[in-house]
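Structure record follows, encoded as structure tokens.
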Amino acid sequence: MIADILLAAGALGAGIYCFVLSQRLRRFTDLEKGVGGAVAVFSAQVDDLSRAISKAQAQAREQGKALAVQTDRAEAAGKRLELLVASLHDLPAEAEPTPRNSFFVRHPNRQGAEA
């Protein structure tokens, strides 16, 4: 008889343990508060991050193309500047600039003036 009582108590304890365990498992997999909710939130964040990365890659491609165009324009302008600087060497030398107020200017190249 004692064995039957102990067996019933053990079965009742196992039943209570299973009930508590099922309640905890239900809370654990709850979509709002448990791990299921965390997984759902992480999944949504991964999707948002994937979209943001795609947009950033597209913008980077566009900016790269624009930068290539500007680089080509800068190289062309640099070549034109090189030609202009090279053509400056072909120009005759300028005469001495005449001063604005010639009263106080010394003219060493004049005849009769001693330097």
Side-chain angles (χ1 to χ4, degrees):
M1 175 115 185
I2 296 177
D4 288 338
I5 293 174
L6 289 176
L7 186 63
L12 183 64
I16 291 172
Y17 176 75
C18 287
F19 177 74
V20 169
L21 190 61
S22 72
Q23 291 298 320
R24 286 186 180 180
L25 186 60
R26 199 171 289 136
R27 274 186 272 148
F28 184 71
T29 59
D30 186 20
L31 287 178
E32 291 181 9
K33 296 180 183 177
V35 172
V39 169
V41 168
F42 286 144
S43 176
Q45 288 177 346
V46 166
D47 290 340
D48 291 342
L49 187 59
S50 298
R51 278 180 283 206
I53 288 173
S54 297
K55 286 181 183 178
Q57 286 175 343
Q59 287 179 349
R61 275 189 230 105
E62 290 176 12
Q63 293 298 324
K65 289 177 185 176
L67 183 61
V69 168
Q70 288 180 350
T71 303
D72 292 341
R73 288 178 54 202
E75 286 177 359
K79 288 178 183 177
R80 284 188 302 227
L81 284 173
E82 286 177 6
L83 286 174
L84 287 173
V85 169
S87 67
L88 284 177
H89 295 294
D90 297 339
L91 292 177
E94 287 186 17
E96 271 189 42
T98 56
R100 291 183 185 169
N101 186 357
S102 61
F103 183 76
F104 294 106
V105 175
R106 203 179 264 187
H107 298 283
N109 293 339
R110 287 193 176 178
Q111 294 177 355
E114 293 183 25

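- Ser87 places a side-chain N or O within 3.5 Å of a backbone atom of Leu84 that can act as its donor or acceptor partner.
- Between Leu12 atom CG and Leu7 atom CG the span is 11.5 Å, to the nearest 0.5 Å.
- Distance check: Lys79 NZ to Glu82 CD gives 8.5 Å after rounding to the nearest 0.5 Å.
- Environment of CD in Gln63: sparse, with no more than 12 heavy atoms of neighbouring residues, nucleotides or ligands closer than 6.0 Å.
- The closest donor-acceptor contact from the side chain of Ser43 to the backbone of Val39 lies at 3.5 Å or more, if one exists at all.
- With Arg51 as the partner, the side-chain contact (heavy atoms from CB on, under 4.5 Å) test is satisfied by one option alone out of Ile53, Leu49, Asp47: Asp47.
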